[in-house]
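Sequence positions, counted from 1, serve as the residue numbers for this chain. First listed ligand is number 1; within each ligand, the first listed atom is number 1.
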Amino acid sequence: MGFMNTRDLAAGIAAAVSAAAPLLAADAQSPAAAAIEPWMNPRLSPDRRADLLEAAMTPEEKFSLLHGELGLPTKTGRAVGALGSAGFVPGVSRLGAPPLQESDASLGVANPLNVRKGDGATALPSGLALASTWSPQLAYAGGAMIGHEAFAKGFNVLLAGGVNLARDPRNGRNFEYLGEDPLLAGVLDGHAIKGIQSNPVVSTVKHFAVNDQETGRAYLDAVIDEKSLRESDLLAFERAIRIGKPGSVMCAYNKVNGAYACDNAFLLNTVLKGDWGYPGWVMSDWGAVHSVKAAANGLDQQSAGGIDEKVWFGDPLKDAVKAGDASQARVDDMVHRILRSMFAVGLFDHRASPGLTLDYEKDAAVAEREAEEGCVLLQNKGVLPLNPSLRRVLVVGGHADVGVLSGGGSSQVIPVGGPALSLKVSGGGDDVMAAFRYAVWDPSSPVAAIKAAAPDAVVEYLDGSDPALAADRARGADAVVVFATQWMIEGYDAPDLSLPDGQDALIDAVASANPHTVVVLETGNPVTMPWRGKTAAVLEAWYPGARGGQAVADILFGKVNPSGRLPISFPERLADLPRPVVPGADLPSKSPFKVVYAEGSEVGYRWYDAKGLKPLFPFGYGLSYTRFAYSRLAVRGGTGLSVRFVVRNIGDRAGAETAQVYAAPSGGGRRLVGWSKVALKPGEARIITVSADALALAQFDLAHGRWRRDAGPWTVSVGASAEDLRLTGSARMTAQTLAP
Ligand code: BGC
């Protein structure tokens, strides 16, 4: 929860921290009482139901839906009826309209500053871990699980669906998002949203758009040409919305091409509601509204209005309508959009109320499966999998004795039963997220899981604070596993690509003493690895969630064969990035500045292609304990691109391969156009057919305002990463135009 306006925040947070926060009942209006009302007829369309209800509302009731309140206590008190979460919009109980109880976020049901004392939830692995699974099924399962937990806790809106593209590997919120590719990110986000909304819980998709760094997020103007924007950041949203049909879109803090994202007629009216025909409502990010004219420019609801300079969508909007500066028709449209989504997702027909019993074991198993498939094996000189009959194992660092790290900010999930460890992290300056600077470890101890996996071993743990001691103990160990962490939090970008707190030196010292050293990374972002040549194996575990320690140990000991693939390129050095210095990092806080995205749609691997640079680890990369062979490519073009090939497991273990299909028009850059993840037993082969995504083969035609594919030849390559291409073919495509 970032608040631009800090007036009430300090007091609010103090109140939140000290309040016992008893859970309040949700809107007491019973659905039965309202069942006789015509809008309660579930056979009518959501639009019809919304019309009927809106017709029964007074002007005052309509305006009450257009702005929300903080769901946390503030110095002026707590919103009556709010459960204690990011946001609350009172319902219209006279007519049976439930309040909106809004909770963060994509990784589980948050509990900001523990305002609902002790109310833990199941933490999914980070967004980058999910993206590393390349699995729409796991995205859906995770979404369905957290949506169910939200519902059971009384929430009917989950502020989830973060899909900003990873344009900068230092972005403080990449861990909430799904990587650098608009196809992979958009498809996975769409399925996660669909999973959430398989419950009567509205999901957002956020932060619309180009909120691609945290430094100065409320003060920066993201500058990018329209064609590139449509083909990159907006394309991820377009896909997520098409697949997931989120009830709401959350607009971002930053400006895009000169206008605030929440007051941006191009983004909201032209693209989202016009070109894409989006029928739901646009809610603002918290503290992202600057004027009443945002309504005309497409914003439908001001979230937590009290933290903006004014509750713009209260009296100022009423006055503007009276004065003829804003139209009543637009106000009616805003109300309609909110109600329509509430009906479409089932908020009237199935009321959320807190206190349903949850099966947290079952939910943790969902998180565990995601972690198993989301860890990416980056290097293995034959040391992994570890032998369970090891005698002496040394584990160093990362608080691996107690748990696994998670990311901070509004998406922070407080684990069930409380954190294994919570450490105050200094710094933060005058940023409002400073109050959230606690690093939280989920209670899934890697050391305990390693002990269970190697029952006869003596497993020693050192915290890593003394590199010389760690190196000394490493010398006599059969296996050494160093856990290295990089804590990221909303509101702040990483200063560079290095592991913080001297961990590079620690790893170097340990690996110099024992060449069989395995490094497990729990990072929010890619990091550089100056010690890589000295270590035997590197496993990127991201923030692996509620059962992360177990999942990591199962991979280390080969119970699970790693299958994660990078959804984000790992750079070799800062100088290779489009912006070697984070824009705005050297400015006094609250200074306005521009971030010029001159790389356009050449994000991630496409940037490396365009510049002829080699990343440390490429997009799509990840090792397995088995090997896969590719053969028999057949490519069919014409109106659609169909790519067929065979993948065979040629190793001696069962494993899963993510076969990736890239395509490039003649003279143009390549893009990921599809993929298939396939589980194969040793020796097993499978014929795989991938139908390329139509928009991935098109370009945005500005002159005609739609997608277009020219007739011509395309090169198609199939492989195990953006750089490990095993098969190449070509096809002629016919011309095609597609809706915007
Ligand atoms: C974040 C949003 C979040 C909101 C409510 C903002 O700071 O950017 O992602 O949903 O707070 O907590």
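- If you check the side chains of Glu102 and Ser303, you find no donor sitting under 3.5 Å from an acceptor.
- Using a 4.0 Å heavy-atom cutoff, Met433 is absent from the residues neighbouring ligand 1.
- For the residues Val432, Leu158, Asp104, the heavy atom positioned nearest atom 12 (O) of ligand 1 is part of Asp104.
- A salt bridge links Arg167 with Asp233: the closest approach of a Lys/Arg side-chain nitrogen to an acidic carboxylate oxygen falls below 4.0 angstrom.
- Taken to the nearest 0.5 Å, the CG atom of Asp212 stands 8.0 Å off from the OH atom of Tyr177.
- Contact annotation: for Glu102 versus ligand 1, there are no heavy atoms closer than 4.0 Å.
- Between Phe175 and Tyr543, the angle of the ring planes goes over 60°, which puts this pair in the perpendicular group of the 30/60° scheme.
- Which parts of ligand 1 touch His207 is read off a 4.0 Å heavy-atom cut-off, strictly below it: atoms 2 (C), 8 (O), 9 (O).
- Ligand 1 lies less than 4.0 angstrom from a heavy atom belonging to Arg217.
- Each of the atoms 5 (C), 12 (O) of ligand 1 lies under 4.0 Å from some heavy atom of Ala86.
- Between Asp104 and Lys206 there is a salt bridge, since at least one side-chain N of the basic residue sits less than 4.0 Å from a carboxylate O of the acidic one.
- Side-chain N or O atoms of Asn174 include none that pairs as donor or acceptor with a backbone N or O of Leu128 at under 3.5 Å.
- If you run side chain to side chain donor-acceptor pair (under 3.5 Å) between Asn164 and each of His207, Arg173, Glu176, only His207 comes through.
- Of all the heavy atoms of Arg173, the ones lying under 4.0 Å from any atom of ligand 1 belong exclusively to the side chain.
- The Lys206 neighbourhood of ligand 1 comprises atoms 2 (C), 3 (C), 9 (O), 10 (O), with distances under 4.0 Å to a heavy atom of that residue.
- On a distance-only criterion, Tyr253 and ligand 1 share at least one N/O pair closer than 3.5 Å.
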